[in-house]
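In what follows, a single structure is set out as C-alpha cells and then discussed.
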There are 2 protein chains.
Amino acid sequence: MASQRPGPNLSRIATSLGVSVATVSNALSGKGRVSDALIERIRTHAAELGYVPSQAGRALRTGRSGVLGLVLPDIANPLFPKIAQAIEYAASAAGYGVLIADSRGDITAQTEAINRLVERGVDGMVVVPRRATRISAASCPVAVIDTASTPGNTVAADHWQGGREIAAHLAGLGHKQILIIGNNHESNVQNDRAGGIRAGLQPGMRSETLWIERLENETGAGCRLGLAEKARQGFTAFAALSDLQALHALTELQQEGISVPADVSVTGFDDLIWSPVVTPSLTTVRMDMDTIAEIAVSALVDRINESGTREGVLVTAETERVPMQLIIRQSSGLANPAPKTSEMENL
Amino acid sequence: MASQRPGPNLSRIATSLGVSVATVSNALSGKGRVSDALIERIRTHAAELGYVPSQAGRALRTGRSGVLGLVLPDIANPLFPKIAQAIEYAASAAGYGVLIADSRGDITAQTEAINRLVERGVDGMVVVPRRATRISAASCPVAVIDTASTPGNTVAADHWQGGREIAAHLAGLGHKQILIIGNNHESNVQNDRAGGIRAGLQPGMRSETLWIERLENETGAGCRLGLAEKARQGFTAFAALSDLQALHALTELQQEGISVPADVSVTGFDDLIWSPVVTPSLTTVRMDMDTIAEIAVSALVDRINESGTREGVLVTAETERVPMQLIIRQSSGLANPAPKTSEMENL
DNA sequence: TGCAGTTGATTAAACGATTAAGCGCAGCAC
DNA sequence: GTGCTGCGCTTAATCGTTTAATCAACTGCA
C-alpha cells in the first residue's frame, strides 16, 4: 500500500559497499570522520546509483523541512510573477523550496493560509501583505516585504525614493502641475510613493492626488477617471502609483484624443510586463525584486540557522530599503506649454 | 542543536491520556478500532492541546509528502497569478500544498526545476509548458496544462473553441477582414486559438496572421506593428492571440489616431488583469482556470492514490477541454463600412 | 612495554507518524 | 466447559536520516 521510494537510500549504499549507514551519511555530508579514500568511494557510488536524500527522513530527524512559505494575500497581484520568481530563485540558491499560499484577499483567509504553511512545517516565510496586517508571531520566522514605513517590515523597495525619482524626472521636463493617481488609500506602498513624489516637487510645482478606489468600487474597474477635464485644468503630468493605473490613465487620455507624451505625460510604478509593450511605452520605476528577495531570504535563513528554538519572530535585515530605478520611456516628455489647444496632428 | 518541534506529538497526547500512541493515531485518523468514547476523549484533548500532525513523520512513514509541484517555465507569465491561485486553491482543497518551481524560461533550467521538485518529494506535479516540451517521465505523476492538441496534455482550456467564439462575435458585428496577431509561432496555444478563429470565419470573410515575434526580438517589445497601414488596407478587426498583444495593438492604434471601436475592433484572449481597466475595455475570452485547475489536481490526486508504485506518468482526465467564455466589452463594435476615411472626430 | 591520544569506523538511539500483528476478554454457540 | 469470534487496545516494526557515544586499531612518547 505504502508507496516505496524509488531510489536507493543510505542503507542500500551502505550494504552495497559493506560499510555502515552512519559512515555513508558522514561521507556524504562531510561531517564525521571518514577516510578520504572511503569518502571518495562512497560519493562516486552514491552518484552512480543516483542517490537523492529523502527530505522526509532528514526533516524528521533535523526538525527542518528546507522549505520556505510565500504568502501573497493580494488577489491576482500583477507583481506576483516577479515576486514569486525572485523569491523562488533566492530560496533555491539557498537550498530551500518555496511553498505558496495565496489567500484570496481575505484577512481571515490570510491567517488560515499562514497556518497551513506552518502545519506543513515551513522553516520560515516571506509575507507580502496588502494592508499592514499584523503578522504577529506565527510559530516560525517571518520576513515582511512591504515598505520601510510599515512597522515590522524586513526589507522593501524604497518607494519614497522612487517617488522622488518620478518627481525629479517630471520637474526636469518642465511640468508644473502633477496629478497623482492611486487606487488604495490605505496602502502603505502607495502612500510612500505619493509622499515621495510630493517631497520631490520643486518650488513652483504643485500636485493633487486622485484616489480612484471608490470610483472603481462603484462604477467598475474600467470607470472614467475624468482625466481630460484635469488636463484642461492645467495638469500636464499624470503620475500613477502603479502601472495598472498608469495604463488606465494612458488609454483613457488616448481615447479622449489627448496625445501622450505630446500633450501630457504619464508615468507609472513597478515596470510590469506591459509597460514596454504599450504605445507610447511607459515611463516607470522598477523595484529591484531580485535584491529584495535575496535580502529577505538570507535574513530568514540566517535566523533559521541561528535560532534553535523555532520561535516565531519578525526577522530584520541590515538593508531595509532597496533603491528603485527610473526607467524612462516614451510616455513622458517635455511639458506642453499650452495644453488646452491640443493639436491632433502631433507625432 | 536540532530544533524541537513546538507542539505536542502523538506520544505526548498518548501518555497524557494514559493510552498508547497507536490508539491516538487511530482515533484521530478514524482508521483502526477505537471505542467511540475514547475517540471523543482523544479528539477533544488533541484539539485543546492544539495538536498538528508532523508532515515529516507522516511523509516518512507513508512515502507521501502531501505536496504537489507547480512548474511555470514561462518567464514572468502574466497568467501566473491566476494559475497559481487556482492550482493552490484546488490543491489545498484536496489537502495538498503547492511547491513552485519557476525555471526562468530555459529548457535545461526547466528540467532542473522539475528535478528539484522531485528531490523534495512532491507526490505529483502540474506543468504548464511554453513549448511542447516533452515532460517525459519524471519520477512522479505529471499533469500537463497546455492545449488539447499537445500530445500528453491532461486538461486545458478549449482554445480552439475560444477562437471560434471570437470569430463568431466579429462576424456578427459585420467584420469581413480580420488580422490575427500572435507572438509565438510555435506555441500550441496560440496556434489553436488562431486555428479556431480561422475555422469560425463565415463565407465572405478572410483573415491574415501577423506573427510579431521576430519584430519583437529585433526591435524590442514595444515595436511598431504597422497596424494603421493594415487598417488602411481594409482590416477592421484585430484579433490578438493574447491580451498582451491586444493591448499592444490597442494602444498603437489609438496613438495613430484610429478610434477603437468606432474605426476598428480589437479583441484579446485570457482576460488578464488590465483587460477591464483599459479604455476602451477589452473584449476577450476567458479561460475557466478554476475548473481547469480542479480537473488537473483531481486527476493527479486520483493517480497518486491509486498507484502504489510512484511511477512517473502523464495523467489523463475525463474532460480534456474546458470551454472558454467570451467577454464582450467595449473594444469591439460594428464594423465601420468605410475604414479608410477614418474620421478623427469619432466619439 | 605501557599508556595516552588520534583516527576511522560502528552501534544505537532518536525524530513522529502509520499499521500489521498480537493479546486479553467478553459474548455466544455447540 | 470449550472453542470461536469480534472488540478494544497495545506492542512493535518501519520509513530514512542524523548524531552522540562507543570501540578497535594504530601512533607517538616516555
Side-chain angles (χ1 to χ4, degrees), chain A residues 1-42 46 49-66 95 119-121 123 305 308-310, chain B residues 1-42 46 49-66 95 119-121 123 305 308-310:
Chain A
M1 186 70 49
S3 59
Q4 301 291 26
R5 252 172 56 91
N9 50 20
L10 284 189
S11 94
R12 206 160 325 180
I13 300 179
T15 57
S16 151
L17 255 65
V19 296
S20 78
V21 217
T23 303
V24 179
S25 173
N26 283 330
L28 293 177
S29 66
K31 277 193 176 167
R33 291 182 304 211
V34 190
S35 67
D36 290 352
L38 188 47
I39 286 187
E40 193 51 32
R41 218 150 58 89
I42 290 177
L49 250 57
Y51 167 74
V52 294
S54 151
Q55 291 291 332
R58 177 176 292 169
L60 182 55
R61 176 62 225 248
T62 63
R64 303 260 181 77
S65 61
E119 285 174 22
R120 294 214 171 271
D123 294 337
N305 288 334
T309 57
R310 224 179 194 308
Chain B
M1 187 68 50
S3 61
Q4 302 291 25
R5 251 172 56 88
N9 50 20
L10 283 190
S11 94
R12 207 159 323 178
I13 298 179
T15 57
S16 150
L17 253 63
V19 296
S20 78
V21 223
T23 304
V24 179
S25 173
N26 283 329
L28 293 177
S29 66
K31 278 194 176 167
R33 291 180 305 206
V34 190
S35 66
D36 290 352
L38 188 49
I39 286 187
E40 191 52 32
R41 218 150 59 88
I42 290 177
L49 250 58
Y51 167 75
V52 293
S54 151
Q55 291 291 332
R58 177 176 291 169
L60 181 55
R61 179 59 227 252
T62 63
R64 304 260 181 76
S65 62
E119 284 175 23
R120 293 213 172 272
D123 295 336
N305 289 334
T309 57
R310 224 179 193 308

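Quick note on labels: first sequence line is chain A, next is B, and so on, each numbered from 1.
R12(A) places no side-chain N or O within donor-acceptor distance of the main-chain N or O of Y51(A), the cut-off being under 3.5 Å.
Rounded to a whole Å, the CD1 atom of I13(A) is 14 Å from the P atom of dT10(C). Straight-line distance from the CG atom of L38(A) to the P atom of dA9(C): 5 Å, rounded to whole Å. Rounding to whole angstrom units, CD of residue E119(A) and P of dG16(C) are separated by 16 Å. Between the CG atom of D36(A) and the P atom of dA9(C) there is a distance of 10 Å, rounded to whole Å. To the nearest angstrom, C1' of dA12(D) lies 11 Å from CZ of R61(B). For the pair Q55(B) CD and dC15(D) C1', the interatomic distance rounds to 15 Å; values are reported in whole Å. Atom CG of L10(B) is separated from atom C1' of dT18(C) by 9 Å (rounded to the nearest Å). Going from atom CG of L28(A) over to atom P of dT17(D) covers 9 Å, rounded to whole Å.
Between L49(B) and I13(B), some side-chain heavy-atom pair lies under the 4.5 Å cut-off.
Phosphate proximity of dA9(C) to S35(A): present, with a side-chain N or O under 4.0 Å from OP1 or OP2. Taking side-chain N and O atoms only, K31(B) has no distance below 4.0 Å to OP1 or OP2 of dT18(C). Between R58(B) and dG16(C) there is no side-chain N or O to OP1 or OP2 distance below 4.0 Å. The side chain of T23(A) contributes an N or O atom lying less than 4.0 Å from OP1 or OP2 of dT10(C). An OP1 or OP2 oxygen of dT10(D) is reached within less than 4.0 angstrom by a side-chain nitrogen or oxygen of S20(B).
In this structure, P8(B) and G50(B) approach most closely via the heavy-atom pair CD-O, 4.2 Å. Looking at every heavy atom in both residues, A27(A) comes nearest to V34(A) through N-CG2, 4.0 Å. Heavy atoms only, all atoms of each residue included: Q55(B) and S65(B) are closest at OE1-O, 3.8 Å. G57(A) approaches S54(A) most closely through the heavy-atom pair N-OG, 2.9 Å. The nearest pair of heavy atoms linking L10(A) to S25(A) is CD1-CB, 3.8 Å. Contact detail for R64(B) and N305(B): the closest heavy-atom pair is NH1-OD1, 4.0 Å.
Each of A22(A) and S11(B) lies near DNA chain C, and the nucleotide nearest A22(A) is the one positioned closer to the 5' end. Ranked by how close their nearest DNA chain D nucleotide is to the 5' end, V21(B) and L60(B) are led by V21(B). Nearest-nucleotide positions on DNA chain D for V24(B) and S25(A) put V24(B) closer to the 5' end.
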Expected rows: protein N/O vs nucleotides 21-26 of chain C N/O, under 3.5 Å:
none

Please write out each protein N/O paired with an N/O of nucleotides 24-27 of chain D under 3.5 Å, distance rounded to 0.1 Å.
none

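Among residues two or more places apart in sequence or in another chain, the side chain to side chain donor-acceptor pair (under 3.5 Å) test is passed with S35(A) by none. Residues forming a side-chain contact (heavy atoms from CB on, under 4.5 Å) with S20(A) (at least two apart in sequence, or on another chain): A22(A), T23(A). Shown here are the side chain to side chain donor-acceptor pair (under 3.5 Å) partners of S16(B), two or more places apart in sequence or in another chain: H45(B).
Contacts of A56(B) with the nucleic acid, taken as non-hydrogen atoms under 4.0 Å apart, are absent.
To the nearest 0.5 Å, atom CG of residue L38(A) and atom CG of residue N26(A) are 10.0 Å apart.
Comparing atom distances between the P53(B) side chain and each of dA17(C), dG16(D), dT10(D) picks out dA17(C) as nearest.
Base-pairing analysis of DNA chain D finds the following stems of at least three consecutive Watson-Crick or G-U pairs, with both pairing distances under 3.5 Å: C:1-30 with D:1-30.
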